[in-house]
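Beneath this line is the structure, given in structure tokens, with notes to follow.
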Amino acid sequence: MWVPFLFLLIGVGLGLLTDFSIPELYSNYLSIAILAAMDTLFGGIRAHLEKKFNQQIFISGFFFNISLAVVLTFIGQQLGVDLYLAAIFAFGLRLFKNISIIRRYIFRLPNKK
Amino acid sequence: MKMKVKGKHAILSLVLLTFGFLIAFSYQHTKTLLFDDQINAEDWEKTFYYRQQLIQFEENNHKLQQEIDQVRLNLLQLENEMAEQLDYMSETVTEKLALQALTGELPIQGTGVFVSLRDHEFVPSKAKIDDYIVHDRHIQMVINELIVAGAEALAINGQRIFSDSHIVCIGPVISVDGNQYPAPFVIEAIGDSETLKESLELSNGIIDLLVNEQIEVEIGKKNQIKMNAKMS
């Protein structure tokens with residue numbers, strides 16, 4: 001169980017050690033990608049708690065969401081429309097929803113309905 | 001089951017690795033951006049300061065340039081004035097040289113006439129010898145006549161005559177400003193030779209007078225008469 005956390009630490013370390021900087025123009029992509037990744041992670045935890053966890057969905061969702069968010073942002077920037085807001089909105093909404101469900105599971109609160 | 005768990009863990013590890021990397025990288029990136037902003041602010045302040053200085057320097061330069069222009073203008077005016085003064089001075093110097101030549105401080109030369117006065121060679125024994133020789137007054141008459149006729153410079157036997165010169169008779173010789181000359185006396189005059197000669201040769205003029213007083217007179221034009229400066 002501790003292996004994934006080890007990898008998490010390795011990832012953080014790598015990120016901190018990486019020395020190249022990207023232009024400010026692309027910082028949007030990064031934040032969107034992080035949002036997408038968080039969304040997928042919490043979605044995975046929620047699925048796990050609901051015992052509906054599926055590896056394929058999880059792994060594909062993780063990378064696909066990130067890619068989609070980045071592509072959306074890219075298109076938005078090309079068109080001059082802030083399309084990344086749509087991504088932030090959607091992901092943020094889902095993030096809160098997922099977290100609320102996880103909370104109910106953790107604190108064993110009764111589900112709605 | 002164990003494999004499955006392991007596989008699950010592997011995938012979770014991969015996802016967490018990516019996630020961690022992204023988070024850390026983003027964090028670092030944002031930090032650099034903030035740092036950059038700070039640097040930018042400092043840079044901006046510096047740039048502002050230097051720009052201000054530059055503006056001041058340029059203003060100074062402008063002022064100095066204007067000063068230089070002004071000074072150049074003044075210099076030009078001064079040069080012009082000097083050129084004018086030089087012209088004036090050269091004119092004045094030319095005039096002064098001419099005047100000096102006239103007053104005898106410098107040599108003078110030009111066309112003119114000469115008059116040669118000579119004692120009469122034949123003196124009758126009964127006659128008074130005084131009636132047959134050249135006297136100072138003869139020379140003075142000739143000189144006065146020449147001056148009146150417009151002679152610019154005069155000389156007797158090569159000695160210049162000036163306004164303050166004196167000519168006196170000392171026996172058979174005459175003294176011009178203290179220098180003695182025997183006969184014959186050659187009076188030279190620089191001026192318009194035609195006018196001078198005609199004024200001397202007027203009927204009942206000076207020549208006639210001299211001839212009447214038993215003096216041998218010779219008169220002629222000269223193209224080139226040179227006179228030395230006054231010796232002093």
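Residue numbers start from 1 in every chain, and the chains themselves are labelled A, B, ... in the order their sequence lines are given, proteins ahead of strands.
- The part of A:Leu41 that comes within reach of chain B is its side chain, from C-beta onward, which places non-hydrogen atoms under 4.5 angstrom from that chain.
- Around atom CD of B:Gln224, more than 12 heavy atoms belonging to other residues, nucleotides or ligands sit under 6.0 Å away.
- Other residues, nucleotides and ligands place no more than 12 heavy atoms under 6.0 Å from the NZ atom of B:Lys226.
- Summarising the geometry, atom OG1 belonging to B:Thr18 is positioned 10.5 Å from atom CZ belonging to A:Phe7; distances are rounded to the nearest 0.5 Å.
- Only the side chain of A:Ile66 has a heavy atom closer than 4.5 Å to any heavy atom of chain B.
- For B:Glu79, the CD atom is densely surrounded, since the number of other residues' heavy atoms within 6.0 Å is greater than 12.
- In the displayed structure, A:Phe64 atom CZ is contacted under 6.0 Å by at most 12 heavy atoms of other residues, nucleotides or ligands.
- Going from atom OG of A:Ser31 over to atom CD1 of B:Ile23 covers 11.0 Å, rounded to the nearest 0.5 Å.
- One distance of note links CZ of B:Phe25 with CD1 of A:Ile34; it measures 9.5 Å at 0.5 Å rounding.
- Using a 4.5 Å cut-off on side-chain heavy atoms (C-beta onward), B:Leu17 and A:Leu8 make no contact.
- Taken from OG in B:Ser26 to CG in A:Leu35, the straight-line distance is 11.0 Å, to the nearest 0.5 Å.
- Nearest heavy atom pair, residue A:Gly11 against residue B:Ala24, reads O-CB, 4.5 Å.
- Heavy-atom contacts from other residues, nucleotides or ligands closer than 6.0 Å to CG of B:Asn223 number 12 or fewer.
- Of all non-hydrogen atoms in A:Phe62 and B:Phe19, the two that sit nearest each other are CZ-N, 4.3 Å.
- For A:Phe74, the CZ atom sits in a loose shell: 12 or fewer heavy atoms of surrounding residues, nucleotides or ligands are nearer than 6.0 Å.
- Only the side chain of A:Leu30 comes within contact range of chain B, with at least one heavy atom under 4.5 Å from a heavy atom of that chain.
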